[in-house]
Structure formats: C-alpha cells, structure tokens
Amino acid sequence: QVQLVESGGGLVQPGGSLRLSCAASGFTLSGYYMHWLRQAPGNRRELVAAITIGSTNTNYADSAKGRFTISRDNAKNTVYLQMNNLKPEDTAVYYCNAVRGPASYWGPGTQVTVSS
C-alpha cells in the first residue's frame, strides 16, 4: 500500500525550530519530485519547498527562504523540512507530496503551531 506519513509537527515558540519528516512506504521516494506544502485555516494550500529527484535543485516560497531547508535521504525513503526561526504565520498543517508523471501521493499532514 502506497503511503506517505508526516511527523515532527507540534507547538513551538516564535523563533524556535522544528524538523518535519515525511516517510514513504509502498514505493521508493528516490524517483519522485518531493514537495512540502502547508495550509492554514481559511487559506488555500501553498507550496513551501520542493526538491528534485537527485537533490540537485531546491525551491522555496519567499516566506520560507533563508529559514527552511528541504532535504531527502533516499536510503531512508524519507524527506525532511528543517524549519528555523519560526513565526506565528507559519502556523498551518504541513503536507508532503510525491510526484512522478501522473502519479501524485499525499500524506495526511502534520500540525505546526507557532505561538507564545
């Protein structure tokens, strides 16, 4: 069964850090473009970060540049999102997404709340 599962979310104070993980089962992540997206209440889902199959290129939303880092460990079949200097506006459900051609898989999401 194809599955993506995010973990690592939680409650953190402004300025803090979190590391999100996205673990795949039932397929191999190494052949997929990987993305992290987020959705805050009342907002549309937005792309936060993306990484190519060979990790040769990464892209970030302007809001994430300089604070977030996407990476992948193909040996562990896992993608990460390191988030530093978190702000209240980063509060959202974070989703990982694997894409290859017409195939697109999503995880159920993990909640990140940034609040003092």
Side-chain angles (χ1 to χ4, degrees):
Q1 181 180 359
V2 171
Q3 193 172 17
L4 286 174
V5 178
E6 303 94 340
S7 61
L11 174 64
V12 63
Q13 292 186 344
S17 297
L18 284 174
R19 188 195 195 201
L20 305 183
S21 299
C22 171
S25 59
F27 72 108
T28 302
L29 281 181
S30 60
Y32 288 74
Y33 292 89
M34 296 301 300
H35 311 87
W36 282 98
L37 299 94
R38 68 186 181 188
Q39 187 168 19
N43 291 358
R44 63 179 178 86
R45 195 170 295 188
E46 62 175 358
L47 181 66
V48 175
I51 188 166
T52 55
I53 291 172
S55 300
T56 51
N57 286 296
T58 56
N59 288 290
Y60 299 92
D62 287 344
S63 60
K65 287 179 181 176
R67 300 187 300 126
F68 293 4
T69 303
I70 187 172
S71 62
R72 62 195 304 160
D73 186 337
N74 290 334
K76 295 183 177 180
N77 219 24
T78 301
V79 174
Y80 304 98
L81 184 68
Q82 176 68 43
M83 305 187 295
N84 298 327
N85 190 22
L86 282 160
K87 304 174 181 181
E89 52 264 41
D90 294 317
T91 296
V93 178
Y94 284 71
Y95 301 89
C96 68
N97 170 233
V99 176
R100 185 177 70 180
S104 180
Y105 304 120
W106 291 87
T110 185
Q111 176 70 46
V112 171
T113 302
V114 185
S115 175
S116 56

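Computed from a predicted model, the values in this text were never measured in an experiment.
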Any donor-acceptor pair under 3.5 Å from N77 side chain to L29 backbone: yes
Intermediate values then yes/no, side-chain contact (heavy atoms from CB on, under 4.5 Å), Y80 and I70: CA-CA 6 Å; Y80 304 98; I70 187 172; over 6 Å; no
Minimum heavy-atom distance between A103 and Y32, given as atom pair plus value: CB-CE2, 4.4 Å
Interatomic spacing from CG in L81 to CG in L37 - rounded to 0.5 Å: 10.5 Å
Minimal non-hydrogen separation, V114 against K87, with atom names: CB-O, 3.2 Å
Ring centres under 6.0 angstrom apart (Y105, F27): yes
For I51 against S55, the heavy-atom pair lying closest together: CD1-OG, 3.7 Å
S104 and N97 side chains, donor-acceptor separation under 3.5 Å: yes
Results of side-chain contact (heavy atoms from CB on, under 4.5 Å) for A61 - residues two or more places apart only: S63
By ring pair (Phe, Tyr, Trp, His ring centres under 6.0 Å) - contacts of Y95 (at least two apart): none
Joint hydrophobic cluster, V93 plus V5, side-chain heavy atoms closer than 4.5 Å: no
Flag, side chain of N43 to backbone of A40, donor-acceptor distance under 3.5 Å: no
Minimum heavy-atom distance between R72 and T52, given as atom pair plus value: NH1-O, 2.8 Å
Charged N-O contact under 4.0 Å between K65 and D62: yes
Residues in salt bridge (Lys or Arg N to Asp or Glu O under 4.0 Å) contact with R100, at least two apart in sequence or another chain: none
Separation of Q111 CD from Y94 OH (nearest 0.5 Å): 9.5 Å
side-chain contact (heavy atoms from CB on, under 4.5 Å) between D90 and M83, intermediate numbers included: CA-CA 10 Å; D90 294 317; M83 305 187 295; over 6 Å; no
Sidechain-backbone polar pair: E6 side chain, G109 backbone, donor-acceptor under 3.5 Å: yes
Side-chain hydrophobic cluster, 4.5 Å single linkage: members besides Y33: I53
Nearest non-hydrogen partners of A98 and M34, listed with the distance: CB-SD, 3.4 Å
Test item: T91 side-chain N/O and T113 main-chain N/O as donor-acceptor pair under 3.5 Å: no
Hey, can you pull the donor-acceptor pairs under 3.5 Å for the side chains in residues 10-22, sequence neighbours left out?
residue : atom : partner : partner atom : Å
S17     : OG   : N84     : OD1          : 2.9

Residue pairs involving residues 42-57 (criterion salt bridge (charged side-chain N to carboxylate O under 4.0 Å, His left out); sequence neighbours excluded): R38-E46
